[in-house]
Enquirer: 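Please find one structure pasted underneath; my questions will follow.
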Amino acid sequence: MTIIMENIQPAQAQVHVMIIGVGKYPHLPGGGSTPAKRTLGLGQLTSPPVSARNFCQWFLDRYHNPDRSLGSIEMFLSEAQPTPFDLPLGAGHIEVASARMENIDSAFYQWKDRCKSHPDNLLVFYFCGHGVQIGASNILLLEDYGENYDAPFRGAIHFNRMWKGLSGVVAGHKCFFVDACSNVPWEGQDIEDTEANGFLSITNDYRYWDRLTVIRAAVDGRSAYGRKKLVSRFTRALMECLNGRGAIYNRDNNRWEITNQSLTNPLSIIMDEINDEEKGKAQVHSPDHNPGVVTLQVQEGVPDVPVVIEFRPADVIEDALLKLVSVNNRDWELSYPNPAGNTRTIGSNWVVGRVPTGIYKLGARFQNRPYRAIEEYFIGVDPPGPAPSSGPIILEVLP
Amino acid sequence: MPLVFLHGVNNRRENQEQAFDKMVAVRSELFKKVGFYSIASDTDQIKVLNPYWGNLGARFAWNLGSLPERGVEQFGPEDESYLVQLSAAMGEMSSEDEFDPDTILMNVAKRSLNEAIDLLWAGGTEHLQQTKDAAGLATLAARTLDYARQNPNPAWLDDVRNDDQLVNELSSAVSTWHPEGDVLSDAEEDGVETFGVDEIWEPIRAARARLQQVSQGLSPQSLLDFTRKKITEFMGRFVGDIFVYLGNRGVKAEPGPIVQEVIKNLELATEAVDDKDKYLIAVGHSLGGDILYDVLTYYRPDIHVDLFLTVGSQVALFEELKLFHSSNKRLPDRQVSHIAKPANIHHWMNVYDLNDMLAFSAANIFDGVVDHEFSTGKGLIWSHSSYFSTPTFHQRLAVRMKEVFL
């Protein structure tokens with residue numbers, strides 16, 4: 001058991017987080033131990049432990065929610081070279097337990113009880129590592145997958161049974177983020193029952209199913225990706241949402257909030273952006289269930305979002321003098337070029353950088369080119385990107 | 001760069017559209033990613049035209065009811081490529097031996113890793129989920145062949161005990177391998193990981209699994225029985241397609257439907273030539289080579305082709321029989337021992353497998369043609385239809401293209 005932080009307030013609604021990141025698979029090729037009976041075409045990974053660490057760090061550094069304080073974070077990591085996790089505020093470091101079934105099994109029920117301790121608690125489950133689909137079930141592979149030669153899936157989580165089981169007993173909102181593939185290995189086509197661990201019996205008590213978010217990083221039959229030793233695509237997109245791009249303004253509370261509902265569209269947009277950036281095969285995530293509304297994060301101040309303005313025709317930008325001035329905040333303006341060099345152009349795009357949500361006036365002059373100057377062009381900037389959607393704002397300049 | 005591929009005899013899309021389209025897609029992508037990558041400015045810009053004339057070929061009033069029925073019948077048409085693989089894997093086995101379904105590919109790989117790759121890809125085509133995934137499979141073939149070229153006898157092969165392990169080890173080795181002397185960018189060094197099954201290897205794994213299923217309880221004798229039936233059927237279509245072409249090809253003023261389809265595609269290809277990609281390539285397989293020759297020498301001698309590639313073709317045999325419109329029955333004579341290469345063909349390369357009973361040399365009949373021998377490794381029966389599904393064929397082609405054009 002590795003409790004990264006714990007601050008239980010029984011009388012308050014809190015968030016209780018379980019994070020699992022698996023990169024080391026001793027019984028898959030390259031793992032150094034006896035190969036699993038079914039290796040399923042899988043190998044070693046490095047991105048999942050990095051992604052899990054970053055997700056954990058996000059909760060420690062940036063989680064802010066007056067409705068639900070941070071109650072506990074529990075984490076399990078399997079990495080080629082186990083490294084202690086640095087605790088916040090210089091509180092030293094902690095050895096993280098490996099993501100083996102024996103460790104997770106004993107911690108699971110205590111975590112479940114913490115989540116049950118208040119009817120408005122928020123449960124967050126995050127997994128990053130190998131996932132496969134056997135039959136109609138999503139199976140998440142732990143470090144000890146394949147250790148039992150005859151029953152290799154004893155080292156795996158039966159995700160469908162797990163979230164359904166928890167949904168029968170935990171009253172508060174439940175968020176499951178699974179950063180793993182959901183495709184069917186050929187070697188798994190003949191398996192009728194994996195014997196993977198779902199931890200709980202599934203009942204027909206559906207009272208709490210109206211507070212549920214299940215988002216998987218890959219739709220059925222597709223893969224999830226990550227660059228080696230870097231945060232995965234899905235986790236990057238999820239954290240971008242939580243950092244503000246998934247925010248919506250709540251007039252009643254006069255604050256910007258990221259809710260389970262508000263992040264769904266931005267998550268798709270940011271995944272598209274990352275797919276474009278990464279090239280290769282596109283990853284398509286799967287928001288499976290999302291009834292109910294829960295605030296996951298309250299934004300401190302206004303969220304900022306990346307803004308790119310594309311000028312057409314492409315050559316107008318070559319000697320342009322550009323200026324963006326905030327209508328809401330008289331202290332905010334940005335020019336290009338400027339001595340600080342904190343904004344730049346690439347091709348026909350002005351890559352403005354991150355801009356606080358608000359209304360802006362764009363001005364542009366073209367020094368030696370026969371194009372009409374733009375005195376005031378109003379731009380609305382809202383999460384997840386400049387209105388009306390993500391991608392560059394396209395500006396046609398007249399001759 | 002435009003490339004016109006004209007198929008040969010015995011190609012029928014009808015009633016097997018999906019499988020046929022996947023085969024065409026993979027072949028086109030292998031041309032792009034492997035065979036012709038070295039002479040194109042951008043492999044994605046290679047425009048492959050695949051005129052289809054199988055629907056105009058021979059029709060059998062009794063649907064080949066004249067074939068003697070014998071041999072095993074339980075195989076569906078989708079199993080044919082696996083039986084081709086098994087034929088290749090038979091090697092020195094005696095007809096009394098039984099296949100070990102778990103080690104067919106492993107035994108081939110220990111003999112030649114390239115051969116095993118060819119067998120895997122021949123089956124993998126059928127397991128593509130969509131034709132648009134063909135480019136990925138072709139790119140993977142190119143990378144796997146490069147790996148095998150630099151590692152013909154990898155150390156891990158000694159420890160492999162079955163076909164499943166072979167595919168796992170091969171995919172793992174290829175995924176983590178970087179070509180010698182390659183300077184990797186930071187992004188390449190970092191690489192991309194897949195959190196589950198790597199989709200791109202799935203058709204290959206599926207091919208391995210299907211091969212295992214097909215070969216359960218199969219003996220070389222039962223495979224021979226099947227092969228005898230297929231060869232008779234093939235020869236029926238071969239003869240039929242030739243008769244139909246020769247009978248219906250028409251004349252210059254009134255070309256037949258097959259000729260019209262070929263001319264239309266050659267014209268499209270000619271329009272696609274530009275300064276950046278200035279080569280027009282015409283590839284003819286089997287009778288497709290004969291038809292292209294007929295078109296380029298009689299119907300449309302005004303169409304210029306930079307490379308005429310005939311593979312497993314009978315152009316020289318047709319010329320010996322004086323079957324082309326352009327054939328001069330008085331040649332050869334004392335002064336002229338060979339037929340001159342047509343003026344509108346810049347380079348002519350003719351490829352044959354000595355195992356292919358329907359492939360003929362051209363250099364003894366024509367001037368200016370270069371013959372190349374290539375072994376598909378598929379034996380007497382299946383070699384004729386195996387050239388273009390064989391990644392190593394495209395790999396060899398790439399070498400020849402560099403010699404010709406660069």
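So you know, we letter chains A, B, ... as the sequences are listed, proteins then strands, and number each from 1. What's counted below: heavy atoms across the whole structure, side chains too, no hydrogens, waters or symmetry copies.
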Enquirer: As an exercise, state the distance from CD of Glu193(B) to CZ of Arg233(A), rounded to the nearest 0.5 Å.
Expert: 12.0 Å
Enquirer: Is Arg38(A) in contact with chain B via its backbone, its side chain, both, or neither, using a 4.5 Å heavy-atom distance?
Expert: neither
Enquirer: Below 4.5 Å from any heavy atom of chain A, which atoms of Ser171(B) appear? Answer side chain, backbone, both or neither.
Expert: neither
Enquirer: If every non-hydrogen atom of Cys181(A) is compared with every non-hydrogen atom of Thr194(B), which pair is closest and at what distance?
Expert: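 Minimum heavy-atom separation between Cys181(A) and Thr194(B): SG-CG2, 3.6 Å.
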Enquirer: Between Gly129(A), Gly23(A), Pro29(A), which shows the greatest number of heavy-atom pairs under 4.5 Å with chain B?
Expert: Gly129(A)
Enquirer: What I'd like to find out is whether the side chain of Phe195(B) reaches to under 4.5 Å of the side chain of Ser223(A), using heavy atoms alone.
Expert: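 Phe195(B) does not reach Ser223(A) side chain to side chain.
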Enquirer: Going by salt bridge (charged side-chain N to carboxylate O under 4.0 Å, His left out), name the residues that satisfy it together with Glu169(B), two or more places apart in sequence or in a different chain.
Expert: none
Enquirer: Which members of residues 17-34 of chain B, sorted by number, sit under 4.5 angstrom from chain A on a heavy-atom basis?
Expert: none
Enquirer: Which residues satisfy the salt bridge (charged side-chain N to carboxylate O under 4.0 Å, His left out) test with Arg216(A), sequence neighbours excluded?
Expert: Asp220(A), Asp288(A)
Enquirer: Measuring from atom CG of Asn168(B) to atom CG of Leu42(A), what distance do you get when rounded to the nearest 0.5 angstrom?
Expert: 8.5 Å
Enquirer: Sequence neighbours excluded, which residues qualify as salt bridge (charged side-chain N to carboxylate O under 4.0 Å, His left out) partners of Arg344(A)?
Expert: none
Enquirer: Any idea which heavy atoms bring Val184(A) and Glu202(B) closest together, and the distance?
Expert: O-OE1, 3.1 Å
Enquirer: Which region of Leu45(A), side chain (C-beta onward) or backbone (N, CA, C, O), has a non-hydrogen atom less than 4.5 Å from a non-hydrogen atom of chain B, or is it both or neither?
Expert: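 Its backbone and side chain both get close to chain B.
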Enquirer: What part of Thr46(A) lies closer than 4.5 angstrom to a heavy atom of chain B: side chain, backbone, both or neither?
Expert: both
